[in-house]
Amino acid sequence: MPLVTSKQMMVDAQNGKYAVAAFNIENMEMVQTVLETAAELQAPVMIQTTPGTVKYAGVAMLAAMVQTAAKTCPVPVALHLDHGESYELAVQALHSGYTSIMIDGSKLPFKENIALSKRVVDMAHAVGIPVEAELGKVGGKEDSLEVSDKSAAFTDPGEAKEFVLQTGIDSLAVAIGTAHGFYKGEPKLDFDRLAKIRDVVEILLVLHGASGVPDDMVRKAVALGISKVNFATELRAALTRGVREALVDQSIIDPKKFMASGKKAVKEIVKQKIIICGCDHKANSYR
Ligand code: 13P
């Protein structure tokens, strides 16, 4: 089916007390694998692209690829700009056919983050596309996006309430202790803070940095009101591991062969994450 926006699938997730799994992709093989697995598990799904991936392939190429793959996919698929860095990039992504936008002004002072996020909301809502923004700073490193442990900052519930009111965003990425990339030790999530944020805002909440977060913690975050969970690093690592394993055989020179091994490794991760988020067998409830 054609791409859908992220709004309805996330509202359905919020009402059904599960979360949509959102997967960052790097290439055609990852798109194919995520969609094939979502179809097998009857899960609505989000494909998303980081600024690094956008620089690498361009929004037009990425959108064309995902639109084409979604057309023959029997479950709802949304294409999301992850950590959109500027108003201009958000416009480009919309023109190319993205159906969900994140504007990440989390590095800016509070008022400037509000102003940038609102500007993107006004523009995207005019064409019916929902917007995610971030308040607080999710730590860790993903491509060019890096937030040191020192400058990572948790989302303040009071500020979250004001931010949501003033921007009109559809979903909020919360910083509650997760980080992009792999963790050095066991992540510590501030569930009390998440519960407080959930109490003061009614909009959809998003958990970033979920690679390496133990399954029971992801489940607990979903039970406390998270409606979308982002996974990138574990997929990248799986693809690379699968390709490496295949390339041990020096006679393999056909990318189709070593990519098949990478896809198999990615599939296992996608399957696990869909089940942890509880979005398997939810595609039919999509209206
Ligand atoms: P991970 O790198 O932990 O998978 O986080 C992905 C993410 O939050 C993308 O925005």
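Model, not experiment: these values are computed from the prediction. Numbering of ligands and ligand atoms starts at 1, following listing order.
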Note: [X]-[Y] ion pair, threshold 4.0 Å (strictly below):
X: Glu40; Y: Lys267; value: yes
X: Arg193; Y: Asp190; value: yes
X: Glu36; Y: Lys263; value: no

One pair per line, please: each N/O atom of ligand 1 matched with every protein N/O atom under 3.5 Å away, atom names first, then the distance to 0.1 Å.
unit_1, atom_1, unit_2, atom_2, d
ligand 1, 2 (O), Glu142, OE1, 2.5
ligand 1, 2 (O), Gly181, N, 3.1
ligand 1, 2 (O), Thr233, N, 3.4
ligand 1, 2 (O), Thr233, OG1, 2.5
ligand 1, 3 (O), Ala210, N, 3.4
ligand 1, 3 (O), Ser211, N, 3.1
ligand 1, 4 (O), Ser211, OG, 2.5
ligand 1, 4 (O), Ala232, N, 2.6
ligand 1, 4 (O), Thr233, N, 3.0
ligand 1, 5 (O), Gly209, N, 3.3
ligand 1, 8 (O), His180, NE2, 3.1
ligand 1, 8 (O), His208, ND1, 3.4
ligand 1, 8 (O), Gly209, N, 2.7
ligand 1, 10 (O), Asp82, OD1, 3.2
ligand 1, 10 (O), Asp82, OD2, 2.6
ligand 1, 10 (O), His83, NE2, 3.2
ligand 1, 10 (O), His208, ND1, 3.1
ligand 1, 10 (O), Asn230, ND2, 3.2

Knowing that exactly one of Arg119, Lys118, His125 qualifies, which makes a side-chain hydrogen bond (donor to acceptor under 3.5 Å, both in side chains) with Asp122? Lys118
Spacing of OG1 belonging to Thr53 relative to CE belonging to Met61, to within rounding of 0.5 Å: 13.5 Å
If you measure from NE2 on His180 to OG1 on Thr233, what distance do you get to the nearest 0.5 Å? 8.0 Å
